[in-house]
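Heads up, the thing below is written out as structure tokens.
All chains are named by letter (A, B, ...) in the order of the sequence lines, taking the proteins before the strands, and each is independently numbered beginning at 1.
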Amino acid sequence: MIGTGVWERLRAHRASWWCILFLGAVAIASLAAPLLPLPSPSALALQDEPAPPVPPWRELVRHGFRPEFADLSWTDARLTELRGRVFGDLQTAPWLGTDAKGRDLLARVVFGSRTSILAALAATLASLAIGVLFGAVAGLAGPRVDNLMMRTVDALQSLPFVFLVIFVIGIVNAYRAELSDRFGIDRETVFYLVIGAVSWLTMARVVRGQVLVLRNAAFVEAARVAGASPARILARHVLPNVLPVVVVTLTLTIPTVMLTEAFLSFLGLGIEPPKMSWGILAADGIEAINPIRIAWWLVAAPAVAMGSVLFALNVLGDGLRDALDPRTRRS
Amino acid sequence: MALLEVRGLSVRYGTETVAVESASFDVEAGETLAVVGESGSGKSTLALAVAGLLPRPPAIVDAEVLRFSGLDLARASAAEMRALRGKDLAMVFQDPATSLCPWLTIGEQVGEVLEVHRGASVREARRAATAALADVGIADPEPRLDAFPHELSGGMRQRVTIAMALLLSPRLLLADEPTSALDATVQLGILELFAELQRRHGTAILLVTHSLGVVAAAADRALVLHHGRIVESATVSELFRAPRHDYTKELLASAPGR
Amino acid sequence: MIRFLARRLVWFAATLLAVVTLSFFLMRAVRGGPFDAERRLDPTIERNLRARYHLDWPLWKQLAAYLGPINLDAHGARAVGGDGTRVFAGVLAGDFGPSLAYRDQTVGDLLRESLPISLALGSLALLGAVAVGLAAGVVSAVRRGTPLDAVLRVVATVFLALPSFVVASVLVILLAFAWPLFPVAGFGTWRHLVLPALALGAPIAANVARLARTGMLETLGQDFVRTARAKGLPERIVILRHALPGALLPVASYLGPAAAGVLTGSLVVERIFAIPGAGSHFVNSALNRDYTLAMGVTIVYCAIVYALNTLVDVFHRLLDPRVAAEGA
């Protein structure tokens with residue numbers, strides 16, 4: 001069961017701790033993005049050519065910070081004001097270069113991380129709220145209900161996932177005006193909802209499998225004989241033992257969702273400019289590549305950003321999996 | 001000179017765990033030596049160490065003398081060991097369900113011993129395999145050659161592994177609990193098979209077992225292993241009549257229905 | 001085996017029918033049509049266009065007409081073929097109808113041109129990925145704990161973390177611009193397929209390598225591998241003949257999702273490398289509300305994925321005789 005030795009094993013796996021630190025730093029930077037002394041990610045300078053990166057030891061900071069308040073949420077606007085008061089017009093030099101419209105790439109990468117994190121959150125919430133419940137119910141219900149529920153999951157999963165998303169987004173776009181006026185839901189929220197709507201399937205299947213195994217386990221039988229109600233059995237015995245499997249599945253779902261979000265934004269079906277996403281950055285980067293001026297930094301920045309975050313997630317996932325399932329531990 | 005000479009063999013894992021401690025014994029040609037002990041006594045490890053099949057690392061194997069038919073096993077190269085195994089030194093394992101390759105037919109698995117060690121063709125190997133299966137008492141061996149292991153019963157699978165091991169008339173057979181995974185009725189048949197094949201081929205057998213019944217039925221001499229150490233070494237009749245070590249006496253006393 | 005395949009075929013037909021019906025209604029039920037994007041049409045012309053494509057019929061009738069093979073049009077409307085000369089026969093007769101956006105081409109024509117290219121690219125990517133991944137995974141397992149193993153594992157994890165469009169752009173920069181070894185975009189010779197296939201196959205290869213390594217390690221720990229060594233077999237035979245099939249099984253199970261992954265990846269890769277494949281048609285048709293084309297591509301892709309999954313299952317049964325015994 002969980003708890004016995006898990007913390008020890010996880011503590012011993014040093015790579016996992018580095019990943020947690022790294023991901024934590026990314027999350028903090030992302031949340032506090034408007035506070036950081038970065039140039040504005042949307043301040044245009046259309047006459048400039050893409051400028052190559054300037055390493056921080058050559059030039060640390062510059063002057064000339066121009067805050068852009070359009071499209072900012074209330075919190076972000078307040079944070080930007082605060083930043084103006086703390087750092088004045090100081091901003092970091094273009095450590096990662098600038099793009100074809102004169103925008104600083106480091107700022108865009110940091111702000112773009114918010115999209116990836118939101119997508120991950122949407123998927124996590126959906127997986128936990130819908131997936132776990134669906135799977136638990138299917139696992140505990142009678143064979144016919146279980147069969148029906150799982151066949152639905154099968155059918156939904158047999159459609160190539162991205163096709164489904166593109167279809168749904170295409171359809172939802174038609175109602176964009178109404179959704180925005182009547183419910184205050186913009187296309188971006190719709191996008192996250194769609195992501196959530198398709199990412200709970202794997203979790204449902206996995207949880208159902210685990211619940212089926214647990215259902216026949218001796219200790220559940222013992223609890224039932226002792227007279228515990230189904231709800232109590234579910235809460236005290238089943239759910240805590242489903243937790244390891246849930247955590248492991250999340251570590252697999254989140255990287256997939258981030259990739260999907262980037263993929264869709266790249267195609268122009270996800271987040272739209274002026275909002276930022278690593279997918280959009282990659283799309284811009286590829287557009288700007290030409291044989292004469294190889295502006296490699298435009299592609300390298302989102303590539304390294306995505307690559308490092310997903311790499312860290314994968315390594316952390318491996319570490320968690322090893323810690324939670326002692327049988328897969330390799331000496 | 002004994003067929004197998006072992007002096008001071010020890011097997012360690014890391015710095016703390018000692019699986020076998022300073023074992024010394026001989027196996028003479030044509031005899032059956034039983035290695036008895038409870039689970040965890042190190043008897044399987046002993047047999048695997050002699051055959052050189054313990055993965056090292058993590059196992060650390062040490063021996064003053066480890067000689068088989070004059071060849072120094074401790075200093076033999078991997079290629080020399082490979083030439084030895086299957087031909088002069090063979091092994092039979094406990095669970096026939098897992099010790100046969102699930103995706104190769106019986107004929108392929110039995111025959112490849114001949115193909116590798118004698119360079120036989122597929123057809124020759126097949127013929128030899130058929131004969132070997134018949135030798136171990138499998139009626140109508142031909143169609144069995146194309147069957148997969150999961151299609152055979154436990155007893156038949158074990159006979160197949162024995163046929164595979166004895167195909168090239170090895171001089172020493174290491175049998176690691178060959179009957180433990182089988183039904184009681186089948187066990188006796190296997191032990192009789194061993195006796196018969198020993199008579200025919202003159203093979204020496206190192207028989208690892210936890211069952212005193214098997215010792216009584218099949219062995220000439222016996223070693224008693226306790227926590228990795230050999231505590232008694234005697235002929236079978238001496239062992240049952242006049243056990244010397246306390247642990248041996250315990251073992252004998254605890255055997256049900258003696 | 002025959003019974004297994006027959007059952008699969010029935011499920012396939014049922015699934016496809018469901019997919020077609022569902023997407024049909026989803027697309028039609030939503031406001032907005034293929035002709036909205038154009039400049040305001042004269043209402044009469046628009047009415048005629050809608051009539052021509054039967055968009056004014058009740059939905060169930062449109063679906064039935066789409067499926068065919070009986071032609072429900074009382075006037076035998078000839079709506080297919082560039083000059084509108086052929087009668088639309090319906091999907092069940094193999095006719096996907098006219099493209100609503102590319103007015104003078106049928107969906108069948110468009111697919112016929114573009115699908116072989118996508119299939120060629122996809123197969124190349126998949127085969128290459130499986131070959132490379134398998135080799136890397138097996139070597140990694142056999143040389144476990146060595147620096148080679150560590151390097152291979154890190155490389156695999158890196159490629160798992162990079163989306164195919166990122167890999168594509170890096171490849172373009174490195175191998176097309178910096179060192180002009182391969183053409184940047186377009187389609188013509190085999191050389192045009194190399195970079196896209198690499199970009200498509202990279203994440204697949206990484207996954208295959210991981211699966212192969214785990215499968216191999218597990219198999220190498222099994223009793224029958226010890227038996228093989230006890231028989232004095234050369235290590236090469238132990239690994240290739242006795243252990244490898246065990247590593248192939250998890251890889252085989254992954255081939256279904258791998259193919260689906262290649263299909264989705266092709267959407268992006270075809271766009272970056274300007275390859276005239278079916279993937280770009282799908283994205284554009286979704287954006288242009290080109291119903292027939294979108295349906296056509298969806299049906300074809302579903303069919304491919306289904307066929308591949310079935311093939312994988314067949315391969316599974318052949319590879320591991322125990323599967324055939326239990327799952328009949």
Side-chain angles (χ1 to χ4, degrees), chain B residues 44 47-48 50-55 57-58 78-105 108-118 146-151 157 160-161 164-168 170 173-176 181, chain C residues 1 134 138 141-150 212 215-253 312-328:
Chain B
S44 295
L48 286 170
V50 169
L53 287 175
L54 284 177
E80 286 173 324
M81 289 300 290
R82 272 201 299 270
L84 209 59
R85 282 192 223 117
K87 192 158 66 83
D88 300 309
L89 181 74
M91 199 153 178
V92 166
F93 297 97
Q94 176 175 350
D95 191 355
T98 58
S99 52
L100 286 172
C101 182
W103 31 78
L104 293 176
T105 63
E108 287 171 331
Q109 295 188 53
V110 176
E112 59 179 353
V113 183
L114 207 64
E115 290 170 36
V116 164
H117 287 286
R118 294 271 171 81
D146 297 315
F148 289 98
H150 67 270
E151 295 170 11
R157 280 195 287 248
V160 167
T161 55
M164 213 160 57
L166 293 176
L167 188 63
L168 295 177
L173 175 69
L174 303 166
D176 187 1
Chain C
M1 180 65 82
L134 207 55
V138 169
V142 170
R143 295 264 175 272
R144 168 184 172 177
T146 61
L148 181 61
D149 177 20
M216 197 67 184
L217 282 178
E218 234 183 78
T219 314
L220 284 176
Q222 302 264 356
D223 283 348
F224 61 86
V225 171
R226 186 175 58 176
T227 309
R229 295 207 175 105
K231 293 199 290 196
L233 300 177
E235 194 68 6
R236 185 181 28 101
I237 293 190
V238 173
I239 291 178
L240 292 178
R241 199 174 195 220
H242 289 252
L244 189 60
L248 288 179
L249 286 172
V251 171
S253 304
V312 164
D313 284 342
V314 168
F315 182 57
H316 231 272
R317 295 164 81 91
L318 291 176
L319 197 57
D320 190 349
R322 294 175 294 185
V323 173
E326 2 167 317

Original post:
Who wins among C:Ala228, C:Ala243, C:Ala230 for the most heavy-atom pairs under 4.5 Å with chain B?
Top reply: C:Ala230
Original post:
Can you find a heavy atom in the side chain of C:Arg226 that is under 4.5 Å from one in the side chain of B:Met91?
Top reply: no
Subject >> Engaged part of B:Met164 at the chain C interface, taking heavy atoms whose separation is under 4.5 Å >> reply: side chain
Original post:
Do the charged groups of C:Glu235 and B:Arg82 touch, with an N to O distance under 4.0 Å?
Top reply: no
**OP:** Can you measure from CD (B:Glu112) to CG (C:Leu233) and round to the nearest 0.5 angstrom?
**Re:** 4.5 Å
**OP:** Answer with side chain, backbone, both or neither: which region of B:Leu167 has an atom nearer than 4.5 Å to a non-hydrogen atom of chain C?
**Re:** neither
**OP:** Look at atom CD of C:Glu218 and say whether more than 12 heavy atoms of other residues, nucleotides or ligands are closer to it than 6.0 Å.
**Re:** no
**OP:** Answer yes or no: is there a donor N or O on one side and an acceptor on the other, between the side chain of B:His117 and the main chain of C:Lys231, under 3.5 Å?
**Re:** yes
Original post:
Does the side chain of C:Asp223 come under 3.5 Å of the side chain of B:Ser99 through a donor N or O and an acceptor N or O?
Top reply: no
**OP:** Flag the pair B:Thr161 / C:Thr227 as yes when at least one side-chain heavy-atom distance between them is below 4.5 Å, and no otherwise.
**Re:** no
Subject >> Engaged part of B:Glu108 at the chain C interface, taking heavy atoms whose separation is under 4.5 Å >> reply: both
**OP:** Under 4.5 Å heavy-atom distance to chain C, tell me which part of B:Gln109 shows up: side chain, backbone, both or neither.
**Re:** both
**OP:** Give a yes or no on whether the backbone of C:Pro245 and the side-chain of B:Trp103 come within a donor-acceptor separation of less than 3.5 Å.
**Re:** no
Original post:
When you measure from the side chain of B:Arg85 to the backbone N and O of C:Arg229, does any donor-acceptor pair fall under 3.5 Å?
Top reply: yes
Original post:
With a 4.5 Å heavy-atom cut-off, do C:Phe224 and B:Phe93 have their side chains touching?
Top reply: no
